[in-house]
Amino acid sequence: MTSQTETQGSVTTVYKVSGMSCGHCEGAVSGEISELAGVSSVAAVASSGEVTVVSAAPLDEAAVRAAVDEAGFELTGTL
C-alpha cells in the first residue's frame, strides 16, 4: 500500500515505522528524515507509527529506510 499525494510542487507520503513509543522517538525519526534532500516537513506520530513526509519530489525509499534506521527504528512500509 502506498499513499502518495502530489500537490503543486510537493509530494506527501505516509510511512509506517515500528518501535516509536514517545515524543522523543517522534523527534528522533523526524530529525533524521528531515535531513534528506527535498524534505520540507515531517510529522511522526508514535501512537499510530505513522510518519507523514512532505517533499519536493518522491523520496528514495532506501534513503528513508536508512534515516529511520539511523534513528534506531524500523521502516515497515508505506501506507
Indicate yes or no: at least one non-hydrogen side-chain atom of [X] is less than 4.5 angstrom from one of [Y].
X	Y	value
Leu59	Tyr15	yes
Thr52	Thr12	yes
Phe73	Ser18	no
Val14	Val51	no

For [X], all residues meeting side-chain contact (heavy atoms from CB on, under 4.5 Å), sequence neighbours excluded:
X	value
Glu61	Arg65, Leu75, Thr78
Ala46	Met20, Glu26
Ser41	Val54
Asp60	Ala62, Ala63

So, does Lys16 use its side chain to make a donor-acceptor pair with the main chain of Ser48 at under 3.5 Å? yes

Going hydrophobic residue to hydrophobic residue with side-chain gaps under 4.5 angstrom, can you get from Val53 over to Val11? no

Would Val17 and Val39 show up in the same hydrophobic cluster when neighbours are defined by side-chain heavy atoms closer than 4.5 Å? yes

Please find the pair of heavy atoms, one from Glu32 and one from Ala71, that lie closest to each other, and give the distance. CG-CB, 3.8 Å

Shared-cluster residues of Val45, by chain and number - hydrophobic side chains joined below 4.5 Å: none

